[in-house]
Amino acid sequence: MTFTSWQFGAFVAIVFAAYYLPALRAFQVQLLVFASLFFYGYGQPELLALLAVAVFGTYLFLVLALRSRRLWLPAGIAFNLALLAFFKYKLLFIDPASPSLVDFAPLDFLLKLPLPIGISFFVFHNISLLVDLTRQKAAPPSLVDVFLYIIFFPQLVSGPITRAEMFMPQIKPKYLADIPLVDAAKWTLTGFFFKLYVANNLNEMTSYMSFPLYETLQTQDRWLLVFLYSYQIYADFFGYSAIAIGLGLLFGYRLPINFDLPYIATSFSEFWTRWHISLSNWLRTYLYIPLGGNRHGVWRTYLNLMIVMGLGGLWHGAGLGYLMWGLLHGLLLVLERPLLARLAAVDFAAFRVARMTVVFFCVTMLWIFFKLPNFDHAVGYLAGMFTPSTNPNPTKLFYSLALLYSLPVMIQHLGFRPLSEGRLRWAEPYLYGSMAALMYLEAGPDTSFIYFQF
Amino acid sequence: MSAVRWLIKCSAGAAILLIACGFATARFGSGLQMPATTTRDGTLITLSRYLREPVPDVVLVGSSLTFRLKEEYFATPSLRNLALAGGSPVTGLKIVANRPQLPGLILVEMNVLSRSVDAPLVERYSRDIEPLFFRPVRAAVAAYEQRRHAPLTHEQVAPELRRLVGRPPSDFDNRVYADRALQQFNAEDPTDEARINTKRIEELIRMVEQRGARVLLIELPYSEAIESSRSAAITRKIAHAAFPDSKRWLPVEVNRSELRWTDGVHLDERSAVIVTQAMERALASARMAK
């Protein structure tokens, strides 16, 4: 069930209505758990068993680790990483199309299961749960609370990756009067608008970046599409995260903000504090700092950055393209690190704009490895950006349409001063209303969220 | 501002925009040609126009091969090309057959018979249902694009077409694309689908001819390698077995050494013009013979 389907709208309406019934107040957590299981199992019920194994297994390791952290915490983390590795990277070693992969039937069944949606996200939730709660040495939470933290449906499929120490204290009875309705409406409408109006429409154009379609493009259009994809992936993932935050608020939970205008970052390190913030925080807290962070000298810091970014790339998928994407981001972080203090000392507007442009350009170019995870295809696309096209029948793109569909991302990043300064505050509800109408009228063809594949 | 007042204003904002678009659609219709960002869009534009405008004398239905024969290449007045890039000729033929009025002559391309009918498209264009709202951003861009690049007539492009045909054939190196296409054409076995589609075409021809229209079949030229590929050979055999009468076929006689293909399958622009001219000569003879 995707966020943009009518079935999801009906599902949320029913769960919301039941959730705040006084008679069901004592069962709010159970209701959300049941609803989340229904949401996850809808269309793919065979994966519910896997989800149950992940949650029950993690809970067992949590209880044991609260008794002996030293022994059971690594075992719990290894259990979750093994789950992730098995499902995510098995295709490197097997061909799922072959009739029988191994002689052992249960393993054969597991090997043929598709990639469980959201596994990368709920595994990270599980690890956060194990680390945070055993660090606090608190009493083990109830199983149903653990279930809710891991499978809460707004964040189950693609995050934001919420840390256990942030989420668990929020589990308590919720009242309709406490809902920040306007905030929830703003987040939800913004999310749907960015997904339906911006991302889905831009996807029609950026579909020409796929192999072999990109061979029909003119050189300048290859450049244009890379920038459009940069806007699209932002609108798609920001849209998903905004909907998740809005839905979380409707049910009384504050989920972390995942994006903070990433394309105005003036450095690569700042970019990672603005893009997929919950993943960056997770990697910093549970990987970079345990590796030693910046506490063991310059070269070790560089190595740690490369390891974290390389693994961050591989977290997205088992492909050379994703690894390259992560490592190149790591390299950019390493290269800029010695210069950061000197760059920060130069503080005038034109220089800041130049830095923003450089960061945006580099980040955008690296999205090619994301769009085309097949390394050869990505290199082929890149090569074509620097050679004149000879195709006598190139694909026609409408630049005016590209501009109009990208405009919301640009306006959001560059800021709309009368609104931000409060002079147009009265127009705000009408603006959100117009966005709602526009996302209905101008919705692009339905496509799944890009981050669903991870 | 209370949450309820905020939500009421928000809903009012949405309603005002929707009502405005509803009125605009009722006033101007939704027929403004939307810019096509995909071939599917292009298909919808072509079909919408067919429904909106008077029934033409000649209609072409087919796949992406026929899609390349632009309407302005034809000197024949009142001709519409309903070929669907990535689609089946049966889809176009079915849409034409389902309309209350038929064109005098329907040309059906028989090169690609391996694709199934696009049922939702047939359903959508077999009924006269106008959408409630148009898409305001696309409509604005369409108006702008039409103002800047109005559709060309044959008279407007005729000098350029003459110049194009007068030039030597293109020396574009299409080896990479041609090899890939040949691989696909040799891997594909279209037997089952081609038989089903040929049967459907036979039925549709019977239906439209009973209503007074005339149907001729055409085969567009492929490159030599593709002509002898497995898929092309099987399709040709099935089509000619189903329609053995040579009078049913419109002969497209061209000097093949003058033709070039972007990928061995699709004609380049100059070749498309040459083929169009050959088709017009054959059409004139067929009409005289009738």
Side-chain angles (χ1 to χ4, degrees), chain A residues 176-177 179-186 188-189 193 197-198 201-208 211-213 215-216 228 380 389-405 407-408 425-445, chain B residues 1-22 25 34-42 68 131-145 148-149 170-174 176-177 180-181 260-263 266-272:
Chain A
L176 191 59
I179 303 175
L181 263 182
V182 173
D183 283 351
K186 281 186 193 173
T188 314
L189 285 175
F193 178 74
Y197 176 85
V198 182
N201 279 312
L202 289 181
N203 184 59
E204 276 197 290
M205 300 184 196
T206 59
S207 58
Y208 285 104
F211 177 82
L213 274 179
E215 286 171 356
T216 65
L228 293 186
S389 139
T390 51
N391 191 327
N393 282 306
T395 295
K396 160 110 176 116
L397 296 175
F398 288 92
Y399 300 152
S400 46
L401 214 52
L403 175 69
L404 288 170
Y405 288 142
L407 213 52
R425 184 62 54 81
W426 63 270
E428 191 189 73
Y430 301 108
L431 177 70
Y432 279 93
S434 308
M435 279 162 54
L438 215 51
M439 77 196 180
Y440 167 70
L441 293 166
E442 282 286 342
Chain B
M1 192 189 308
S2 79
V4 176
R5 279 182 63 192
W6 192 95
L7 290 172
I8 290 171
K9 285 183 178 177
C10 178
S11 309
I16 290 167
L17 191 55
L18 284 174
I19 291 167
C21 280
T25 310
M34 303 295 176
T37 51
T38 60
T39 47
R40 175 87 180 172
D41 283 354
R68 300 277 173 118
L132 208 54
F133 306 107
F134 64 41
R135 304 177 67 175
V137 172
R138 287 216 172 200
V141 172
Y144 167 76
E145 291 288 341
R148 284 193 60 199
H149 315 284
S170 155
D171 58 357
F172 171 62
D173 182 4
N174 71 351
V176 180
Y177 312 104
R180 197 179 297 143
R260 296 290 183 274
W261 294 262
T262 52
D263 53 3
H266 300 95
L267 294 161
D268 72 2
E269 195 180 4
R270 178 177 175 275
S271 310

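Predicted, not measured: the structure shown is a model, and the values here were computed from it.
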Fill in the blank from the handout: Sequence neighbours excluded, the answer for salt bridge (Lys or Arg N to Asp or Glu O under 4.0 Å) partners of B:Arg270 is B:Glu258
Handout entry: Beyond-backbone contact of B:Pro136 with A:Leu438, side-chain heavy atoms, under 4.5 angstrom
Key = yes
Exercise for the section: Find the distance between CH2 (B:Trp6) and CG (A:Asp183) and round it off to the nearest 0.5 Å. Expected result: 9.0 Å
Exercise for the section: Would you indicate whether the side-chain heavy atoms of A:Leu189 and B:Cys10 approach each other to under 4.5 Å? Expected result: yes
Fill in the blank from the handout: Residues passing the salt bridge (Lys or Arg N to Asp or Glu O under 4.0 Å) test with B:Asp173, sequence neighbours excluded, are B:Arg175
Handout entry: A:Asn201 side chain near B:Arg135 side chain, heavy-atom distance below 4.5 Å
Key = yes
Completion exercise
When every non-hydrogen atom of B:Ala3 is compared with those of A:Val182, the smallest separation belongs to CA-CG2, 3.6 Å
Problem - Interface residue of largest heavy-atom contact number with chain B, from A:Ala185, A:Ala427, A:Pro445, A:Ala443, under 4.5 Å - result: A:Ala443
Fill in the blank from the handout: From the list B:Leu17, B:Asn174, B:Ile8, the residue making the most non-hydrogen contacts under 4.5 Å with chain A is B:Leu17
Practice task
Check each atom of B:Arg180 against the heavy atoms of chain A and say whether the ones under 4.5 Å are side chain, backbone, both or neither.
Solution key: side chain
Completion exercise
So CG of A:Leu181 and OG of B:Ser2: to nearest 0.5 Å the spacing works out to 10.0 Å
Fill in the blank from the handout: One should read off an interatomic distance between A:Tyr432 OH and B:Ser11 OG, to the nearest 0.5 angstrom, of 14.5 Å
Completion exercise
Minimal heavy-atom distance between B:Ala14 and A:Ala436, with the atoms involved, is CB-CB, 4.4 Å
Exercise for the section: First locate atom OH of A:Tyr405, then atom CZ of B:Arg138, and finally report the distance between them rounded to the nearest 0.5 Å. Expected result: 4.0 Å
Exercise for the section: Name the region of A:Ala402, side chain, backbone, both or neither, that has any atom closer than 4.5 Å to a heavy atom of chain B. Expected result: neither
